[in-house]
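Structure, as structure tokens:
Reminder, nothing fancy here: chain letters follow the sequence lines and each chain counts from 1. It should be emphasised that the depicted structure is a prediction, and the values quoted were computed from it without experimental measurement.
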Amino acid sequence: SSSGTHNEKRQARMELVTYIKNPDFQEWDGTKTRTQTIGPDGNDPEEGKPGPESTAVQLDQGSVIDDYTQIKPYAGMPKEVLLLHSSKARYRVPREILFWLTVACTLALVAVTATVIALSPRCLSWWQLSPVYQVYPRSFKDSDGDGVGDLKGIQEQLDHFEFLNIKSVWIGPVFRSPMKDFGYDVEDFQDIDPVFGSMQDFEKLLAEMHNLKMIMDFIPNHTSDKHRWFNLSRTRDPHYQDYYIWADCTEAAPRPNNWVSVFGNSSWTYDPVRGQCYLHQFLKEQPDLNLRNPRVRQEMIDILRFWLDKGVDGFRMGGVKYILEAAHLRDEPQVDQKKPPESISSEWDLHHDYTTSQLGLHDLLRDWRAEMDVFSREPGRYRLMVTESYDHQEVEKTMMYYGSSQVKEGDFPFNFHLLDLPQNTSGLWVQHLVHLWMQNMPQGKWPNWVVGNHDNPRISSGAGGLYVPVINMLLLTLPGTATTYYGEEIGMRTLHLTDTGSLDPAGRYNTSASRDPQRSPMQWSSSTNAGFNNKTDLSWLPVHPDYTSVNVEVQKEDEGSVLSQYSFLSALRQSELPLQRGWFCYIQADANVFSYLRELDGLDRAFLVVLNFGRESAVTDLSSVSEIPNQLTVLFSTNHLHHGRVLQKSAIHTDPGEGLVVRFSAPKRFNPTHPSQCYVSEKACYLRVVDILYRC
Amino acid sequence: RGSCFLSQRKGKYRNMIGTKTKTSKMNHQNSVGLVSGICLIVGRMIGSGIFISPKSVLLYSGGVGPCLLIWASCGVIATLGALCYAELGTMITKSGGDYSYIMEAFGPVVAYLFSWTTVIVLKPSALAILTLSLAEYAIAPFYPGCTPPVVVTKCLAAAAIMVIVSVNCYSVKLASYVQNIFTAAKLLIIIIITVAGIVLLAQGNTENFLSAFEGPAPPVGEIGLAFYYGFWAYDGWNQLNFITEELKNPFRNLPLAIIIGIPLVAVCYVMVNVAYFTVMTTSEVLLSPAVAVTFGDKVLYPVSWIVPLFVVFSTFGSANGSCFTAGRISYVSGREGHMVKILSYISRKYFTPSPAIIFNGILGIFYLMPADINSLINYFSFAQWMFYGLTSLGLIVMRFTRKDLHRPVKVPIVLPALVVLVSIYLVLAPIIDKPEVEYLYCAIFILSGLLLYYPFVHRKVKWGRTIMRPITIYLQLLMEVVPPEKSE
């Protein structure tokens, strides 16, 4: 065994020599001189050592191992020297600590990731993060000079949405249509009408809108009477004969029952080809589809798929309450029993027990939602479903479209209650209308607000231009998604048509019901036709005469304009968590002022909104609200001269039509002590340390 | 397929480390055959890009036909570029790839700037970006429809870096196994997508190809940008040069591996794009945040989850590979004295270049910290092309200055000239497209390397050594690392 150790010693020594000889180690300092001093035999480690520390090494072969222990570590030391020292506690302990620290760190990082994921609240989808902008395609922008807006025109104006911080755009019907009801009478659901452009134009627009989401119209209730299906149905093609709702009648007495059309007069029309009457809840050129027919239902699904496949992000389901009618076709009860039955001609004359909101309607909507869910699987491509139904005072019927906690339906039904804003000018009235939705909305659902669309007069005419800015401020600071009808962002007014008759079929029976006034061309600039059409001076409806002062170009330059206010508030909403998903708490409402708070648990920053909808200046005293600091600085006012004004909370002054947004910092939140005044769709708390939201 | 990487990696690291066994010195020369070489090229070049963003190419090329053409032409140009590297690799058989060629052609200062930029910025930031996109893909399913909190992505990315660093420090063999498994996963998903595409084509889903070349020709500037994005997917063509010494019969196999490997990647890319277009219109591809995932949702449901999963695997593999080569570059420049020596040391126990790997990992984690690192790192991407161009220019220069060198593979001089032109374009295109002051900062940073070069490398000031010596001693003892034995 002694010879064995001797051999090991010899071997070790040999290796040492080899390593010390290796010129690579000596290169450490870049000093080649030492390697040159090594003798040719290489047996003199003393000279090979780079540092003076190693002079203790002896040449004696027998004691070479002992000598190693005296070699101090040096930079670039080889394995043998290293091994002599590296196992010492002063190196080993830190090494092991560092190793376990690394393991612990890695595990901790994974644990943190998992915890944050588990605690994160459901994130807001695209349609919750931005207002929906409604484009009425005929009136938005005309690119080819025929006087009617088109898809290329919309594409030209995409910058406008960016300026407004808008991410979702709803484009009205652009399907092939004879235009009896301006696109709501569809001849082919899977084609674009030539007046708007081609399918290529549509696909190009969709591709150009990659930063935006496109919502389209879906019109399940009826088609045009020019639709292929209708022609096949009236000739009793076996596949299509039950696509529409037919009833026996004669040409002389074309009324199987007393039902009336939304546009007035009987909803039945005799078809000489088939010798029967067909039902139309709208124009006689818009026969109602028979959605009890499984084939029709499949056609509807196919249409949805067609557009979803193209990449459309959502649908606004138009007139959903009309899609089913009672199969028994009984007369509907009259509102005024004394009225002679033959004089019944308006939709207000009847209780629509058999033509609206029929059993089975929600099953259809759920089927469509399920179809859209199939296309929503891909992350970031949620497909939105919005329903349109005017239920007037029957708000609970509207709320049905939210679906139940078990079955999902629409993401939201349009909330039309704010259309009634002009009926009264007071803070209490506004609070009443807002509360109507907030108190009836099912728990956890997402509110939304509409003050105008292509079917209703512009809010600016009813409430007067004075209130346009404060209404925009209301929409952009309330919880939920606001819908902005084109022109609302610049305060466009309702057009007064005097000379010619109404182009809108609804106005043919009753001029005051004409929807033309709210469909006048978008006012882009002060040039001819308000910049709606740069090629010719044609426009399908006249431009509102106030376009020289009310237009995008002029208002962009003006810091205090409606447009500048809109873009500021929209940007503010996008950047502030309390406005996006925080609590909404009523603070005060009186004859003039409606005031509320937006706040988020865990976040010091909160917003106070004070809106004066009244006819007089008001001084609001909020000194009873202890959570608000005494001194407040106005972040934004509809009167831009009031930006940055410092107010006492006991005396908040607002002029009529003025709205204030106050951003303040306070340690305490309002909602824990006033749960009955506060609403939130989904509770989330903010954790400042790591800048995350968590479920709480 | 699995074994071809393993043997090559083992050989490579034996060569690099040299200290492991005496026998390794004798057999490392012939460890990589032709198939292994092709595997290496394919495995390295295919990153996550083809799964995520083929849409930039489509956006600028303006149609299905031009888009596919650009993918193919990028492949041709990448092959030509790689052939230039084949000449360099067989002419200068030193390890270190570009570094050695630049050193030979332009001298140590330029080579120093190359290693300075690569070791300090390019390699660690590549690791950071790869792990970030890995984390984003892994987390995305938990946050449908919105951006995950930054803290989650960064934590997971940091954890991934730590795992990759640990694996690479622990064992060369384990790292190669990891690399093999993830490369196989990468190829598997490419095959799945390609096969699905061929099946769909056979079923007659050809409508998107019928009008492939219709529509107006895009402007020249936009075609250029399309090429710019296309080339990114081909980055890594020069990987084989790092192992020239380990190739069996390199004079035959290096050019052959390039001529087979890179067109193979090009075919993969074109086929994957064709597969995308069978089910998606151009506007859908442009709308999709991650094209492969959309493809999976449309075609592979209910197993569509495998696509994001495999993209995560693929990114992990790329990050692992990036960590692997980073060690090598630090090692070479450390050996030349262009970086601190400790970076070139080898673990005594595990025979891995752990100091270089850990250094790369620490910098990578450091780069994860700033809020928006992606944009800043993008600015540095022009440096990468600058060095490719410089290397090819070096080839031309050496044709005149080093006529004496033996060139077993000799390419026509137009090829390097072409690569130089392409590189100049790729450096300038993004700057001209969007001139921003950040590019200037990057240039200043690269040149600031000279501030360190002059005193520490050129003058070799004494106090520099005085400071480094105790640090080196301590780190050596702490990490148990020793200098490698010189293998030449």
Side-chain angles (χ1 to χ4, degrees), chain A residues 18-19 22-25 27-30 73-79 81-83 85-86 88 90-91 94-95 98 102-103 105-110 112-113 116-117 120 122-126 129 200 203-204 206-207 209-210 309-311 374-382 690-693, chain B residues 19 59 135 139-153 155-156 158-159 162-163 165-166 215 281-284 286-290 293-294 296-298 301 304 308 335 337 341-342 345 348 460 465 468-474 476-486:
Chain A
T18 320
Y19 278 98
N22 188 330
D24 199 35
F25 307 143
E27 266 177 52
W28 154 252
D29 298 332
Y74 58 94
M77 68 190 112
K79 190 168 143 192
V81 181
L82 180 103
L83 280 176
H85 303 276
S86 66
K88 285 180 189 159
R90 54 185 283 221
Y91 301 115
R95 187 187 310 136
L98 279 177
T102 313
V103 173
C105 252
T106 313
L107 291 177
L109 284 171
V110 173
V112 166
T113 311
V116 174
I117 288 176
S120 288
R122 198 167 27 166
C123 50
L124 296 185
S125 193
W126 56 267
L129 289 170
Q200 279 74 39
E203 279 168 1
K204 224 173 187 175
L206 195 61
M209 283 176 66
H210 53 271
D309 256 334
K310 287 207 181 292
V374 172
F375 286 85
S376 304
R377 283 195 299 251
E378 189 190 335
R381 293 306 305 274
Y382 184 81
V690 281
D691 184 27
I692 56 158
L693 285 170
Chain B
T19 51
L59 180 67
I139 289 167
F142 301 103
Y143 293 89
C146 63
T147 337
V150 185
V151 62
V152 184
T153 351
C155 278
L156 195 63
M162 287 170 104
V163 169
V165 165
S166 307
T281 60
T282 40
S283 53
E284 268 182 299
L286 293 178
L287 282 173
S288 169
V293 178
T294 312
D297 279 311
K298 281 178 183 280
Y301 188 80
S304 47
R335 194 180 63 183
K341 273 269 146 109
I342 183 91
Y345 291 0
R348 173 195 69 81
K460 303 184 202 313
R465 278 177 284 150
M468 274 317 291
R469 191 173 291 136
I471 297 175
T472 308
I473 294 173
Y474 186 77
Q476 263 201 291
L477 291 166
L478 184 69
M479 300 162 75
E480 296 196 291
V481 290
V482 291
E485 194 177 347
K486 214 162 195 172

Exercise for review: Name the member of B/Thr294, B/Thr281, B/Val293, B/Leu59 that forms the most heavy-atom pairs with chain A at distances under 4.5 Å.
Suggested key: B/Thr294

Study note, to complete from the structure: Counting heavy-atom pairs under 4.5 Å with chain A, the top scorer among B/Ala159, B/Gly337, B/Pro149, B/Pro308 is B/Ala159

Review point. Which is it for A/Ser120 and B/Tyr143 under the side-chain contact (heavy atoms from CB on, under 4.5 Å) test, yes or no, and what are the steps along the way?
Key: CA-CA 9 Å; A/Ser120 288; B/Tyr143 293 89; 2.6 Å; yes

Nearest heavy-atom neighbours spanning [X] and [Y]:
X        : Y        : result
A/Lys79  : B/Arg348 : CG-CG, 3.8 Å
B/Thr153 : B/Ala135 : O-CB, 3.4 Å
B/Met162 : A/Leu109 : SD-CD1, 3.7 Å
B/Val482 : A/Pro78  : CG1-C, 3.6 Å
A/Gly76  : B/Pro483 : O-CG, 3.4 Å

Point to revise | B/Val481 versus chain A, the contacting section by heavy-atom distance below 4.5 Å | key: backbone

Practice item. Let me know if B/Val151 has heavy atoms under 4.5 Å from chain A in its side chain, its backbone, both or neither. Key: side chain

Review point. Would you say A/Arg95's side chain and A/Ser86's backbone share a donor-acceptor pair under 3.5 angstrom?
Key: yes

Contact part of [X] toward chain B, heavy-atom cut-off under 4.5 Å: side chain, backbone, both or neither?
X        : result
A/Arg90  : backbone
A/Val112 : side chain
A/Lys88  : neither
A/Leu83  : side chain
A/Leu98  : side chain

Exercise for review: Heavy-atom pairs under 4.5 Å with chain B are the metric here; pick the option from A/Leu206, A/Leu82, A/Thr106 that has the most.
Suggested key: A/Leu82

